[in-house]
2 protein chains.
Amino acid sequence: MKMGNATLLNVLVHGFEGKIYPINPKADTIMGLKCYPSVLDVPDEIDLAIIVIPAKYVPGVMEDCAKKGIKSVIIISAGFGEIGGEGKVLEDKVLEIARRSGIRVIGPNTMGYKSPVDNLDASFVFGMAYPGDIALASQSGALAIGMIAHANMEMIGLSRIISVGNKIDVDDAELIEYLDSDDKTKVITMYIEGIKDGRRFFEAAKKSSKPIVVIKSGRTKAGAAAAKTHTGSLSGSDVVYNSIFRQAGIHRARDATQLFDFARALANLPLPKGRNVGIVTNGGGAGILMSDFCEMKGLNIVQPSEETKVKLREILPSISVPRNPVDVIGDAGFFRYYASAKALLEDPDVDGVIVISVHGGYARPREFVGAILKLYEDMKEGAVPEKPVIVCWVGGKEYSDVVFDLKIKGIPAYPTTERAAAAMNVLVEEHERRERMRGPESS
Amino acid sequence: MKMGNATLLNVLVHGFEGKIYPINPKADTIMGLKCYPSVLDVPDEIDLAIIVIPAKYVPGVMEDCAKKGIKSVIIISAGFGEIGGEGKVLEDKVLEIARRSGIRVIGPNTMGYKSPVDNLDASFVFGMAYPGDIALASQSGALAIGMIAHANMEMIGLSRIISVGNKIDVDDAELIEYLDSDDKTKVITMYIEGIKDGRRFFEAAKKSSKPIVVIKSGRTKAGAAAAKTHTGSLSGSDVVYNSIFRQAGIHRARDATQLFDFARALANLPLPKGRNVGIVTNGGGAGILMSDFCEMKGLNIVQPSEETKVKLREILPSISVPRNPVDVIGDAGFFRYYASAKALLEDPDVDGVIVISVHGGYARPREFVGAILKLYEDMKEGAVPEKPVIVCWVGGKEYSDVVFDLKIKGIPAYPTTERAAAAMNVLVEEHERRERMRGPESS
C-alpha cells in the first residue's frame, strides 16, 4: 500500500480543509486518522473517493462506492486497459458499475488530480503547483509533474492538474466543457497522445469560451509507435489533427515550454485587435531578428503614423531614426523604453508591442523592467490603450533574475526572439478565434 | 573621450599581460599610465592600435600608425560608411592608408575585440566571457555582448569575440580563415546581417576544417528593411543564403540560444557516424515527443538489436518492454539510466543516444546526472564506444541547477525535447559535412 500511503500524505500535507477518511480493513489508524474497513462504514457522505489498490479489487470497491452513493471517483490503480487481456475485462467491469450507478470516473491508471486552488492534492506523486488560473489535463502523469516543476520555476500558477489516465469515462471533451465552466480557470492546456472521440473533442473545443493550448504527441511514425507502447493510444494522422486544431481554434504548442509561453500570455494579456506589431529595442540586431520572426508568423511590422513619428523624434537620441523597430539605443533607461512603447501603443495602427532589451554593456535592466511595469499600471488606469506588451530579453543571469519582477505579475518575458513572436501570434490567433465565435452579425 | 577611457579600463581590468600605451596629446597620465601625444612617441614597437577618437581624426592617426609600422588596428569610432556621405569619404581614406601601408583593420564602427583566452578586452563595452573554445564574430556589437552574458549563464566559454563593424578590410571570409587556423578555437559562430562577397565567404566556409554556426538575420522583408537601417546591410534572398549555407556545410541557427545549443555540442561531443538515435527516458510522454522531433529532423529511431534487447531485459523492470525509446520508468536511479544508455551505445546500429529525465515525483536528478558523467568517463577510458550522449530534462529549478554539473564539463543538457533533437541533428550534419570534405576516394 505504498502508493496509497503516498496519496494520503499528499492530501494531508497541502492543507486540504475537507474531511478525510482513510479506508483500509487492516488498520485502525493511518497517519493519525481513524481508518475505516469500507466506505460503507464512514458515518458521513463522501464527495470523492480516491482508489489506490490492486486492480483486481477495484470492482468490489466500486460496488461499495455505488452503494454509498458516491458520485466522483479517481482510480489511480494501474493494470487495466493499458495491459490488455484481463486488465481490459476489469476495466469494462468498472465502467459498467460506474454507468449503472451514475459514478463519474477519472482514470484508471492515472497520477491523480491536483487542485492548487483548493489545496487538494489527490495524487500519489509528490509535486504541487502554485495556485493560478491555468488548467492542465495530461495523458502522461510524469510529464504533468515535470510541467508543474517547470511552471513553478517560471512562477506560473495552475488551477487544476488532471492526469486523465485511461479515460474510460471522463475524457478530453468533457474536461474542456468542465474547465470552460470553472471560474478558477482562464486557460485550458492539454497534453494529448490520442483522442478517442474526435468529433466530440472538436465540438467541445469549438464551443469553449476559453483559449485552449494543446501539445499533441505521436506526430510521426516513430512517435506514434512510442505512443502505442506508452498509453496504447492511436495517434492518428497529424495532418488531420492540425486541421481539427485549426478549425476548432486550438493553439498547438510544440512542447511544455511553448505551452506555458502561450498560456501565460493568454491568461494575462489583453488581446490585440489585429496583426500589426510595434517593436521597441535597445539593439538593432535583435530588432531585425524579431522583425523576421514576426513576419514569418504572419504578423506585420507596420510603420508608425506621422503623429507617432513626431512623438518618437522627441524621445529618441538624434542618431536613431523614428521607425519600426524603434531603436532606443544601447544605453536606454526607463524614459526611452516607456515613452517609445507608449507612443506605439497610442498609434491606432499598432495592435500590440514587443519590447526587447539586449544586455549590452550599457543596458539598464531594472529601468527596462520598470518601464514595462509602468505601462501595465497605466493601462489599468486607462492612461494607455489596452494592448498586449510582450517582453523579450537577450542576456544572462542578471536579466533572467530581474525579469521575475514581470513574471510574478503574469507578464511574459521570453529569452528568445522566436518565443516572443510566437506568443504575440498566439494572442492574435485567439482574438481571431473569438471574432469567428461572435459571428459576422455581431462583429 | 568617455569611450576611450572605457576601452582603456576594459584592457586594464582583465589583466592583459602586454604593455599598454595610452595615446592622448592633452594628458600626461591616464589611470596611472604614462600617456603619449602620438604613437610616434612610444619608445617600443606596437602590435595593436585601438582607435577610439572622433571619425574625422582617424585618417591622421592612421597615417601615424603607418609611419610607426603598426600592422593591426581596431577602429572603434563610428561615423563612417554607416552614415553615408562624408562618413563614406573618411572610410575610403582610412582604407587607402591601410592598403598602402599593409595595416589590417577591424571596423570601423565596432564594439571591438575580446579575447578571453588572452585576457584581452579591446572594446569599449563592459562584459567578458569565460575562456573557452567557441569563437563569435558578430555584425552587432550589442547582440555580441548579450550573447556573452547568455554564454556565461550557460557556462559556455568563448575563445574570441569579434565585433566586425563596417568590415572595410577584415571580413567574414577572412575571419573564418583566421579562426580555422586558430588553435584556441574549435567552433566558429557568427551573427550576420549581410555578406559583401558571397563567393569568398562560401569558399572560406567550405574549406573550414571546423564547424561553423551562423545566425543570418534579415530573412524577411520586414527584417531586411530593419537590417538596412541598422548596419546598412543588404540582406539578400534568404533562399539563396539557405542554399549557400547548405552547400558550404554551415549550420544555421535561428537565434542566440540555438547558436550556443549547437556550438556547445559541436565543441565537446564525438560525432555520430549516422542518423540512428537511441532514446532513454524515465517518462513515456517525453519519449514520444523526442521520437517526433528526431523524426521531423530526419533522424531515425532504430529498434535495438536482439542482443541489446537481452541486455535491456536484465536492466529494466518487468513492466517495461525493451524497445526504443527505452522506458526506464519514473523512479529510475543511476543504474537503470547508466546501464540502458550503455547498452544502446554498445549497439552497432545506434549512432548516438539522447537521455531524458522528466522531473516526476519519483525522479532522481542527481543519479541521472551521475549516470551521464560516468558514461563520458567510460568513453575516455575506452570502456564504452565513443558516441554522442545528449541530455534533455523536463522540470524546474532543481533540474536546472543539477544539470550545471554536466554543463561545466561541456555536456549539453537541454530543457526541451526540440532543442535536444536539433542538437543531435547538427552533430549528424557535421559528420556528413566532414565525410563530404574527405571526398569519396578516402572514405
Side-chain angles (χ1 to χ4, degrees), chain A residues 125-127 139-143 145-147 149-150 152-153 191 193 215 217-223 225-227 229-231 254-257 282-289 291-292 294-296 301 321 323 325 327 330 358-362 394-400 415-418, chain B residues 125-127 139-143 145-147 149-150 152-153 191 193 215 217-223 225-227 229-231 254-257 282-289 291-292 294-296 301 321 323 325 327 330 358-362 394-400 415-418:
Chain A
V125 188
F126 191 75
Q139 204 168 348
S140 163
L143 203 59
I145 300 289
M147 287 167 78
H150 179 99
N152 286 348
M153 175 174 66
Y191 168 77
E193 294 181 3
I215 301 170
S217 70
R219 309 175 69 159
T220 62
K221 261 174 73 175
T229 316
H230 183 223
T231 52
R254 64 176 170 234
D255 53 32
T257 301
N282 72 337
I288 304 168
L289 283 166
S291 302
D292 280 341
C294 284
E295 188 168 319
M296 286 191 275
I301 306 304
V321 184
R323 67 184 306 284
D327 190 343
V358 178
H359 201 180
Y362 295 91
V394 181
K397 192 74 175 67
E398 192 177 341
Y399 262 56
S400 102
T416 79
T417 38
E418 192 260 347
Chain B
V125 187
F126 193 75
Q139 203 167 347
S140 164
L143 203 59
I145 300 289
M147 287 167 77
H150 178 99
N152 286 348
M153 175 175 66
Y191 167 77
E193 295 182 3
I215 302 170
S217 70
R219 309 175 70 159
T220 61
K221 260 173 74 176
T229 317
H230 184 222
T231 52
R254 65 177 169 234
D255 53 31
T257 302
N282 73 336
I288 304 167
L289 282 165
S291 302
D292 281 341
C294 285
E295 188 168 317
M296 287 192 273
I301 306 303
V321 184
R323 64 183 308 282
D327 191 343
V358 178
H359 201 180
Y362 295 91
V394 181
K397 192 74 174 65
E398 192 177 342
Y399 263 55
S400 102
T416 78
T417 38
E418 192 259 348

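In what follows, every chain begins at residue 1, and chains take the letters A, B, ... in the order their sequences are listed.
The contact between A:S291 and chain B is made by backbone and side chain atoms together, counting heavy-atom distances below 4.5 Å. A:V394 touches chain B through backbone and side chain together, each having a heavy atom under 4.5 Å away.
Annotation: maximal heavy-atom pairing with chain A below 4.5 Å, among B:M296, B:E193, B:R323, occurs at B:R323. Ranking B:G287, B:G330, B:A226 against chain A, the residue ahead of the rest is B:A226, based on heavy-atom pairs under 4.5 Å. Note: B:T229 leads B:T229, B:I301, B:N152, B:N282 in heavy-atom pairs under 4.5 Å with chain A. Ranked by heavy-atom pairs shorter than 4.5 Å toward chain A, the options B:P325, B:A222, B:P415, B:A142 are led by B:A222. For the set B:A256, B:G285, B:G283, the count of heavy-atom pairs under 4.5 angstrom toward chain A peaks at B:G285. Ranked by non-hydrogen atom pairs under 4.5 Å with chain A, the options B:S140, B:G360, B:G361, B:G146 are led by B:G146.
When side chains are defined from C-beta on, B:Y191 counts as touching A:L289, because their heavy atoms get closer than 4.5 Å. Within the 4.5 Å cutoff, the side chain of A:H359 has no heavy atoms near those of the B:I145 side chain.
In this structure, a donor-acceptor pair under 3.5 Å is absent between the side chains of B:S217 and A:D292.
Atom OG1 of residue B:T417 and atom CG of residue A:L143 lie 8.5 Å apart, to the nearest 0.5 angstrom. Here OG1 of A:T416 is found 7.0 Å from CZ of B:R254. Values are rounded to the nearest 0.5 Å.
Listed by chain and number, the residues in a salt bridge (charged side-chain N to carboxylate O under 4.0 Å, His left out) with B:E295 amount to none (sequence neighbours excluded). Residues satisfying the salt bridge (charged side-chain N to carboxylate O under 4.0 Å, His left out) test with B:K397, not counting sequence neighbours, are B:D401.
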